[in-house]
Amino acid sequence: MEKHRLPLPELHDDKHRHKQQIQTQASKHNGENSNRFRPPKNKRYRCFLPADNNNLNRSQSLGSCSANSSQIAHAISFRGPECPDASILPSSPASADWSDRSHFEQCFQRLAKLGEGSFGEVFQVRDRSDGRLYAVKISKQLFRGEQYRAERLEEVRRYEEFSGHENCIRFIRAWEQYDRLFMQMELCRESLEQYLLRCQRIPEERIWHILLDLLRGLKSLHDRNLIHLDIKLDNVLIGEDDETCKLADFGLVFDLDRSNSRHATEGDSRYMAPEILQGHFSKAADIFSLGIAMLELACYMDLPANGPLWHELRQGILPEEFINKISLELQTVIKSMMMPDPMQRPTADQLLLHPRLQRMQQKRQSLMTLGQLSRSIRRSRRKVWGKMCNWKTTAFRYLFYFLEVLHLYKPIAPPKPSINIAPSSPTPTSKPRVPPGELTLVGSTPIANRDCFASHFLSGEDPLELSQHGTPSAINSTPLNHNKSRLELQKKNMDSLDKSVQMADFESPTFRPSSPKILDTSSFRRKKLFALDYDDE
Ligand SMILES: Nc1ncnc2c1ncn2[C@@H]1O[C@H](COP(=O)(O)OP(=O)(O)OP(=O)(O)O)[C@@H](O)[C@H]1O
Ligand SMILES: [Mg+2]
């Protein structure tokens with residue numbers, strides 16, 4: 001006779017507890033699920049793959065799906081024609097021997113497992129084409145039916161929809177292959193859950209900043225009449241470069257306009273609003289989840305998944321020993337978000353009007369404006385410096401021309417015929433010509449130097465860009481380049497220079513390619529340009 005084991009009774013403490021570090025960071029990264037209290041989700045297809053399903057090679061996949069187009073990677077995108085790249089998969093940089101591998105393996109090198117939820121496993125990967133790091137979420141279950149596939153694809157649509165918001169995770173692309181969904185997104189540092197386990201006590205100022213980030217992210221969903229339904233610390237990620245918190249995991253997002261609430265799926269029971277039990281799905285449910293997540297974060301409290309404590313928290317009874325540790329201001333906000341009656345909870349818009357959050361937003365705004373301002377000041381200062389250098393160059397040129405006209409200055413005096421010119425010096429046909437490199441040195445007068453550089457670079461180019469090639473920008477952008485009479489004058493100078501050079505013995509120690517005065521001018525200019533470059537940095 002078949003024996004049935006009775007389910008073990010759930011034992012509950014009747015006291016709230018602090019979160020325990022039940023899982024080390026390392027084991028979290030290895031993908032072990034820390035969530036002891038995680039309730040089973042309302043899923044139609046519970047068919048988990050074996051634990052060692054990381055190697056998504058073709059043979060494994062072939063065994064799990066019929067030989068059809070599912071073996072070919074297909075891009076998935078709901079972006080319109082304005083973003084045609086999204087619907088094209090980039091060609092893999094891997095060699096032809098890898099053609100039997102999945103698109104994922106061809107394009108990415110898997111580095112580590114970042115986490116695992118009920119729907120997917122997330123890996124840290126390196127893109128083989130650009131060497132950058134990303135996160136790729138691979139669905140755990142195979143597409144066993146159109147309905148399930150449509151639900152997963154809906155998640156892609158939501159990721160794409162909110163990708164541009166600074167408090168939502170940035171999404172790159174998605175594709176399906178071997179009846180699995182792959183989603184490439186920005187790599188984040190850690191989840192808020194991991195952050196809390198690491199820090200344990202988070203300063204209240206930081207809590208307010210996190211609340212502001214999440215309210216802004218939530219507002220972007222609520223403004224579109226969408227509800228997240230799975231707000232929890234594990235689904236909030238902290239950006240790699242900054243401390244910005246981003247909403248992630250749009251797998252359960254529910255459209256209040258289009259969907260029937262029968263199709264809504266509740267999220268983690270630890271964060272679930274009480275009215276969800278009666279099947280009432282509303283924006284207020286997200287506010288409750290965010291409120292209780294803030295309580296967990298601020299008080300380092302272990303949230304119950306069920307039992308009497310679960311009900312107490314939903315009746316507005318918050319444990320004194322925990323809540324007393326935070327300021328009255330934060331207590332009030334959290335309590336209002338956790339009101340048992342959803343109608344009494346404030347909306348995301350109303351919460352964003354809280355004086356403290358308002359002040360923080362203004363501060364952020366002014367910091368942002370300041371950043372933009374300093375950037376634009378730097379840019380315009382660079383432009384002004386460039387122009388000033390041009391003016392100075394022009395002024396010097398006019399001064400030299402003026403002196404030239406007054407016969408007080410000779411730009412390039414032909415060097416005296418050297419006594420070293422040997423009678424055996426080459427015939428006119430084999431006279432030593434000036435190598436192009438030497439011209440730069442010889443013609444270091446404002447005029448000659450200018451045209452040496454101008455001949456190397458296009459005058460139409462942005463001088464600042466040219467300066468990145470190590471070329472003095474002001475020289476290149478001189479307006480005198482286009483001055484016909486100046487060019488004629490310069491041509492005359494060059495002719496005389498050429499003549500003198502032809503006569504000169506380059507080996508002779510007495511030969512001086514240019515006068516010290518002229519070199520001084522150019523070094524002055526160079527100094528100025530260095531100052532300009534330094535200033536830009
Ligand atoms: N872009 C990312 N960068 C870094 N870590 C990530 C990223 N995306 C997800 N993770 C990690 O992977 C975990 C699981 O990801 P996610 O929540 O998207 O999966 P899920 O299966 O939909 O989860 P759930 O059970 O909440 O529905 C996250 O909690 C987080 O720790
Ligand atoms: Mg998740």
Side-chain angles (χ1 to χ4, degrees), residues 23-49 53-54 108 110-127 132-141 148 151-156 158-160 162-163 167-174 180-198 214 217 228-242 244-254 264-272 286 289 293 296 303 305:
Q23 184 197 32
T24 62
Q25 196 75 5
S27 65
K28 181 84 185 172
H29 277 277
N30 287 337
E32 290 164 26
N33 203 341
S34 68
N35 194 350
R36 288 182 299 156
F37 304 114
R38 186 182 196 87
K41 279 194 172 168
N42 176 15
K43 284 199 293 280
R44 272 146 261 219
Y45 306 97
R46 290 192 68 79
C47 160
F48 286 98
L49 293 167
N53 65 344
N54 299 350
F108 302 99
R110 199 173 52 218
L111 301 175
K113 187 165 170 175
L114 294 167
E116 181 178 345
S118 33
F119 291 103
E121 288 171 290
V122 184
F123 297 97
Q124 181 186 6
V125 297
R126 187 183 297 283
D127 192 326
R132 291 202 193 147
L133 296 175
Y134 294 99
V136 172
K137 179 171 170 178
I138 307 175
S139 61
K140 276 177 161 181
Q141 300 173 49
Y148 181 72
E151 281 171 14
R152 299 279 58 79
L153 266 46
E154 192 61 17
E155 187 177 357
V156 175
R158 300 305 175 203
Y159 266 108
E160 282 186 341
F162 298 107
S163 183
N167 299 115
C168 294
I169 195 114
R170 192 166 61 85
F171 181 78
I172 318 283
R173 64 171 57 84
R180 279 179 211 279
L181 176 67
F182 298 77
M183 285 192 281
Q184 182 187 353
M185 50 193 136
E186 73 171 297
L187 176 68
C188 288
R189 206 179 67 207
E190 59 192 341
S191 72
L192 218 44
E193 172 89 15
Q194 290 164 337
Y195 177 68
L196 179 60
L197 287 174
R198 188 165 59 78
L214 296 183
H228 191 282
L229 288 183
D230 204 11
I231 292 196
K232 57 177 178 175
L233 299 189
D234 220 18
N235 286 340
V236 175
L237 301 172
I238 303 174
E240 185 75 42
D241 308 322
D242 51 16
T244 313
C245 285
K246 295 159 188 249
L247 269 183
D249 197 351
F250 299 107
L252 300 184
V253 166
F254 179 75
T265 309
E266 75 275 15
D268 194 322
S269 73
R270 293 175 301 162
Y271 301 84
M272 203 167 84
D286 277 348
S289 304
E296 181 184 15
L303 297 180

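Ligands are counted one by one from 1 in listed order, and the atoms in each one are counted from 1 as well. Scope of the values below: all heavy atoms of this structure, side chains included, with no hydrogens, waters or symmetry mates.
Comparing heavy-atom distances from atom 14 (C) of ligand 1 across G117, S191, S139, A112 singles out G117 as nearest. Closest heavy-atom approach to atom 19 (O) of ligand 1 within the set E155, K137, E190: this belongs to K137. Distances from atom 7 (C) of ligand 1 to the heavy atoms of L192, L114, L237 put L237 nearest. Atom 26 (O) of ligand 1 has its nearest heavy-atom neighbour, among L252, D268, D249, in D249.
With D230 as the fixed residue, the side chain to side chain contact (heavy atoms under 4.5 Å, CB included) test singles out one of N235, V253, D286, T265: N235. A side chain to side chain contact (heavy atoms under 4.5 Å, CB included) with V136 is found for exactly one of M185, M183, R173, Q184, namely Q184.
Atoms of ligand 1 lying under 4.0 Å from at least one heavy atom of G120, given by number and element, are 21 (O). Ligand-side atoms of ligand 1 in range of N235: 17 (O), 26 (O), range being under 4.0 angstrom from any heavy atom. The atoms of ligand 1 that sit less than 4.0 Å from any heavy atom of G115 are 12 (O), 13 (C). Under a 4.0 Å criterion applied to the non-hydrogen atoms of I169, ligand 1 contributes the atoms 1 (N). Of all atoms in ligand 1, numbered sequentially from 1 with element shown, those under 4.0 Å from a heavy atom of A135 are 1 (N), 2 (C), 3 (N). Ligand-side atoms of ligand 1 in range of D234: 28 (C), 29 (O), range being under 4.0 angstrom from any heavy atom. Heavy-atom contacts of K232 reach the following atoms of ligand 1: 26 (O) (cutoff under 4.0 Å). In summary, the atoms of ligand 1 found under 4.0 Å from a heavy atom of S118, numbered by their order in the structure, are 21 (O), 23 (O), 24 (P), 25 (O), 27 (O).
Under the 3.5 Å distance criterion, the side-chain polar atoms of S191 are matched with a main-chain donor or acceptor of Q194.
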Report the C-alpha distance between Y271 and L233 in whole Å, list the side-chain angles of each, state the deciding distance to 0.1 Å, and finish with yes or no for side chain to side chain contact (heavy atoms under 4.5 Å, CB included).
CA-CA 9 Å; Y271 301 84; L233 299 189; 3.9 Å; yes
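For ligand 1, the polar-atom distance check finds an N/O of C188 within less than 3.5 Å of one of the ligand's N/O atoms.
A cation-pi arrangement, defined by a distance under 6.0 Å to the six-membered ring centre and an angle within 45 degrees of its axis, is present between R152 and Y148.
The minimum heavy-atom distance linking L229 with A264 is given by the pair CD1-CB, 4.1 Å.
The N, O or S atom of D249 with the smallest distance to the Mg ion (ligand 2) is OD2.
Taking the side-chain contact (heavy atoms from CB on, under 4.5 Å) definition, one finds that R170 meets it with S163, I172, E186, sequence neighbours left out. The side-chain contact (heavy atoms from CB on, under 4.5 Å) search around V122 returns L114, A135, K137, not counting sequence neighbours.
Residues E116 and K140 are paired through a salt bridge, judged by an N-O separation under 4.0 Å between the basic side chain and the carboxylate.
Ligand 1 lies nowhere less than 4.0 angstrom from a heavy atom belonging to E240.
One distance of note links CD of Q141 with CG of L181; it measures 12.0 Å at 0.5 Å rounding.
Here S118 does not reach the Mg ion (ligand 2): none of its N/O/S atoms is less than 2.8 Å from the metal.
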